[in-house]
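Only one structure is covered here, and it is reproduced in the block below.
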Amino acid sequence: MRIGILGTGSMARALGEQWERAGHEVAAGSRSRGGVRAAAEHGTDAVLLAVPHAAAVDVVAGLEDALAGRVLIDCTNPVGPDFGLLTAGGPAAAERIAAAAPAARVVKAFNLCHESVWRLTPPVFAGRPLAVPLCGDDEDALTVVRHLVHDLGCVPLHAGGLDRSGLLEATAALLIRLWVAEQADAQAIAPPLEFAGV
């Protein structure tokens, strides 16, 4: 696949390097280097949006034409002071990004883990591969992102349409608070599947 990455920070590098190892052609660019348009145009199969939340809508809006028809993966987190959700009350960050580039096919993914997790090859904990929830409305786009999740050694989980992406963003805010502020093992808040009452 040809993957473009908007951003050159730690998340961009971690995911991009793993996808390169899997054999994909990856090109990343930043606004400061003027390379985001080239990266978006390179990403004929998928484009990862890996810029700070505050810049995301402006970056995407400036590339609306280049992102038309593209699979646009949003891994941003609208988390602010005291780990609050900046988009509380909606719309979700992913929905704002989709509105800024309405012809792009947006999928929310890869937002629940620190970049260090994406550097693990593969991210397996106690024998269990990491699961990656996805939210999106376009089945073909979701299929592409599922493939990229598998390439990391992870398991994709369908978490609903893009209208549920706010739940993923709120989950990230909660987990980050538990991990950082409380130094807690956030996995401990959920029982194993056999005790989940399903």
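Given the structure is predicted, the values throughout are model-derived calculations rather than measurements. Just so you know, residue 1 is the first one in the sequence shown, and it goes up from there.
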Lys/Arg N to Asp/Glu carboxylate O, [X] vs [Y], below 4.0 Å:
| X | Y | value |
| --- | --- | --- |
| Asp82 | Arg177 | yes |
| Arg13 | Glu115 | no |
| Asp45 | Arg2 | no |
| Arg164 | Glu169 | no |

Problem set entry | Modelled atom types, side-chain donor and acceptor of Asn77 and His53, under 3.5 Å | no
Exercise. About how many Å separate CH2 of Trp179 and CG of Asp185, when rounded to the nearest 0.5 Å?
Worked result: 9.5 Å
For this session: Dump the intermediate steps for side-chain contact (heavy atoms from CB on, under 4.5 Å) on Thr171 and Leu112, then the final yes or no.
Result: CA-CA 8 Å; Thr171 299; Leu112 296 185; 4.1 Å; yes
Problem set entry | Validation row: Arg70, Thr44 side chains within 4.5 angstrom (heavy atoms) | yes
For this session: Tell me, yes or no, whether the heavy-atom count around Arg37 atom CZ, taken from other residues, nucleotides or ligands under 6.0 Å, exceeds 12.
Result: yes
For this session: Could you point out which residue of Val106, Val57, Asp74 forms a side chain to side chain contact (heavy atoms under 4.5 Å, CB included) with Arg96?
Result: Val57
For this session: Dump the intermediate steps for side-chain contact (heavy atoms from CB on, under 4.5 Å) on Leu67 and Glu64, then the final yes or no.
Result: CA-CA 5 Å; Leu67 293 171; Glu64 180 181 353; over 6 Å; no
For this session: Determine yes or no for a side-chain-to-main-chain donor-acceptor pair under 3.5 angstrom, with Gln18 supplying the side chain and Leu120 the backbone.
Result: yes
For this session: Determine, using the 4.5 Å side-chain heavy-atom cutoff (strictly less than), whether Leu168 and Leu85 are members of one ILVMFWY cluster.
Result: no
